[in-house]
Amino acid sequence: MGGVPVNERGPRGGCWERCNAKINLTIVRFIEENTKPVKNETGDKSKTDATTVKTKVLQDLIINNGGGLINSWVDSMRACSPTHLKSLMKQSSWLTEHPSALDMFEEILHVSEGKQIVMFLDYDGTLSPIVDDPDRAFMSKKMRRTVRKLAKCFPTAIVSGRCREKVYNFVKLTELYYAGSHGMDIKGPEQGSKYKDDKSLLCQPATEFLPMIDEVYQKLVDKTNFTPGANIENNKFCVSVHFRRVDEKNWSDLANQVRSVMKDYPELRLTQGRKVLEIRPIIKWDKGKALEFLLESLGYANCTDVFPLYIGDDRTDEDAFKILRERRQGLGILVSKIPKETNAFYSLQEPDEVMDFLQRLVEWKQLRSGA
Ligand SMILES: O=P(O)(O)OC[C@H]1O[C@H](O[C@H]2O[C@H](CO)[C@@H](O)[C@H](O)[C@H]2O)[C@H](O)[C@@H](O)[C@@H]1O
């Protein structure tokens, strides 16, 4: 550790003052954008706030058995009104604290100067847009080309909540590291990596939970069978309960179904992603631990000259952002159009912006190495 370029407000030695004008412009754009009707992830203009509120209620139902339900509604409704002045101030201050990584590109290069950049990329919502059907979350050919070029320039890992095989089938690049099941299933590149021969690299810290996860998966499939739109996804070391296509009036039923299964499995815990409940072993392993494991495997355990860049859109990515802050090393970039509590330093609005950012990194690296 040490040699760390970031502090609580942003990269140390970064050019914050010079960038204020840029940030202010972005804030103005952001406020303009958010005073228009807000589009949600599936393109429905009216529902974003309502669904955010309901997601919180669903979580409350599951975790607190319904306690604090009314307060939760009111608090969330207050917090979610984008036309409310207080909320706009919150959005603008969020953008000041988490500026666009594209706007701050030069500063990021500056603080990574002389260090080995290592790339960590989440999949859903980061490399592929969020879609209704989880089986159809394809990444574009252009994004794949970009990630392929990126992996030629820097060690690159995909870190996903999906099972490793499934995320590999979407990405289809043999030269990458893959950490599936929220980091509980890690494998090195199939092809000899130019950074390390990691054909044998494999880390699966939750194998003893496999039979339990299969059992819970089956029970959830049976239990939610009559809830239209509910979709249970087996991610090998964890299970996802999708409610994106469940009518909101059935969310509490679904929550009760999940709770009735989970109550028999104290060794499992529940986290929440984007319209998905994620059930996984209670072990102390997450995307942050996966990041540390991969850095170590790459030989950067105690290095001061490494600069991990982690890009992700979901709550589970926060574990990795937090580790980077704690290590005071590299930085996290949150993909989000709306303010979220985050440990990331910067933001990007959507996968297209992620692609632009990755492309700029590739061009910069190629220029430097005279390729
Ligand atoms: O860590 P990630 O790669 O971001 O995985 C988190 C979850 O991603 C997938 O679900 C999300 O994307 C779907 C497709 O766009 C969308 O339909 C769903 O609502 C999102 O939550 C994946 O299917 C889940 O298993 C992962 O837990």
Side-chain angles (χ1 to χ4, degrees), residues 40-44 47-48 51-52 54-55 58-59 119-140 143 147 156-171 176-186 213 216-217 220-221 224 229-248 251 254 258 268-281 285-291 310-321 332-337 340 342 344 348 350-352 354:
N40 75 2
E41 293 149 358
T42 50
D44 179 341
K47 284 191 180 163
T48 300
T51 48
T52 311
K54 297 235 165 104
T55 300
L58 182 64
Q59 189 183 28
M119 294 300 304
F120 295 89
L121 305 167
D122 168 51
Y123 184 72
D124 291 279
T126 298
L127 295 182
S128 68
I130 293 292
V131 292
D132 282 349
D133 181 355
D135 291 336
R136 302 194 60 78
F138 305 115
M139 71 195 274
S140 66
M143 180 68 98
V147 176
T156 301
I158 306 290
V159 188
S160 172
R162 302 239 190 197
C163 77
R164 182 166 49 80
E165 289 79 5
K166 207 179 282 178
V167 77
Y168 173 79
N169 283 334
F170 280 125
V171 178
L176 307 182
Y177 293 78
Y178 288 88
S181 307
H182 298 291
M184 288 179 283
D185 190 6
I186 304 177
I213 292 290
V216 166
Y217 165 74
L220 284 167
V221 169
T224 60
N231 178 3
I232 315 298
E233 188 181 5
N234 190 337
N235 281 327
K236 194 166 178 174
F237 294 101
C238 46
V239 179
S240 288
V241 179
H242 291 275
F243 57 95
R244 184 170 294 281
R245 291 186 290 187
V246 175
D247 193 312
E248 287 174 21
W251 284 9
L254 181 66
V258 173
L268 300 180
R269 67 182 167 123
L270 185 110
T271 52
Q272 200 185 331
R274 296 175 75 172
K275 306 246 176 78
V276 67
L277 303 171
E278 289 154 336
I279 294 159
R280 50 172 154 161
W285 195 271
D286 51 36
K287 288 182 173 185
K289 292 273 184 227
L291 176 145
Y310 188 108
I311 311 182
D313 73 314
D314 220 335
R315 286 194 202 170
T316 55
D317 299 311
E318 291 297 330
D319 295 320
F321 297 151
I333 301 174
L334 177 70
V335 184
S336 178
K337 285 187 171 173
K340 285 184 185 166
T342 183
L348 289 167
E350 55 198 351
D352 276 353
V354 173

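In each ligand, atom 1 is the first atom listed, and ligand 1 is the first ligand listed. Each residue takes its place number in the sequence, starting with 1.
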Next on the checklist: If we ignore hydrogens and angles and just use 3.5 Å, is the side chain of Arg280 paired with the main-chain N or O of Gly161 as donor and acceptor?
Outcome noted: no

Item to check | Between CG on residue Asp317 and CG on residue Asp122, distance to nearest 0.5 Å | outcome: 4.0 Å

Next on the checklist: Closer than 4.0 Å to some heavy atom of Asp132 - which atoms of ligand 1 meet that?
Outcome noted: 17 (O)

Checklist outcome for this item: Heavy-atom proximity to atom 16 (C) of ligand 1, picking from Val131, Asp317, Asp124, points to Val131

Item to check | Enumerated ligand 1 atoms positioned under 4.0 Å from heavy atoms of Ser240 | outcome: 24 (C), 25 (O), 26 (C), 27 (O)

Next on the checklist: Return the OH to CG distance between Tyr217 and Asn234, rounded to the nearest 0.5 Å.
Outcome noted: 6.0 Å

Item to check | Ser181 side chain to Cys238 backbone, donor-acceptor under 3.5 Å | outcome: no

Next on the checklist: I'd like to check which ligand 1 atoms, numbered from 1 as shown, lie under 4.0 Å from a non-hydrogen atom of Asn235.
Outcome noted: 25 (O)

Checklist outcome for this item: d(Asp314 CG, Lys340 NZ) to nearest 0.5 Å is 6.5 Å

Checklist outcome for this item: closest protein heavy atom to atom 19 (O) of ligand 1 is Arg244 NE, 2.6 Å

Checklist entry - Counting distance only, does the side-chain N/O of Tyr123 pair as donor-acceptor with the main-chain N or O of Ala137 below 3.5 Å? => result yes

Next on the checklist: Out of all atoms in ligand 1, which are within 4.0 Å of some heavy atom of Ala137? Include the element for each.
Outcome noted: 14 (C), 15 (O)

Checklist outcome for this item: To the nearest 0.5 Å, atom CZ of Arg164 lies from atom CZ of Phe237 at 8.0 Å

Checklist entry - Any idea which part of Asp122 is under 4.0 Å from ligand 1, heavy-atom wise: side chain, backbone, both or neither? => result side chain

Checklist entry - In Å and rounded to the nearest 0.5 Å, what is the OH to OG1 distance from Tyr310 to Thr126? => result 7.5 Å

Item to check | Selection from Gly183, Ser160, Pro129 by shortest heavy-atom distance to atom 3 (O) of ligand 1 | outcome: Ser160

Item to check | Candidate pair Val241 and Ile279, rule side-chain contact (heavy atoms from CB on, under 4.5 Å), full reasoning | outcome: CA-CA 8 Å; Val241 179; Ile279 294 159; 4.1 Å; yes

Checklist entry - Which atoms from ligand 1 have a heavy atom of Val276 less than 4.0 Å away? => result 21 (O)

Checklist entry - With a cut-off of 4.0 Å, which atoms of ligand 1 are near a heavy atom of Tyr123? => result 3 (O)

Item to check | Closest protein heavy atom to atom 10 (O) of ligand 1, given as residue, atom name and distance to 0.1 Å | outcome: His242 CE1, 3.4 Å

Checklist outcome for this item: Quick note on ligand 1: atoms under 4.0 Å from a heavy atom of Gly161 include exactly 1 (O), 2 (P), 3 (O), 5 (O)

Next on the checklist: How far is atom 20 (C) of ligand 1 from the closest protein heavy atom, and which atom is that?
Outcome noted: Arg274 O, 3.3 Å

Checklist entry - Between Lys287, Glu233, Gln272, which one has a non-hydrogen atom sitting closest to atom 1 (O) of ligand 1? => result Lys287

Checklist entry - Can Arg274 and Asp124 be counted as an ion pair, charged N to O under 4.0 angstrom? => result no

Checklist entry - What atoms in ligand 1 come closer than 4.0 Å to a heavy atom of Glu278? => result 6 (C), 7 (C), 26 (C), 27 (O)

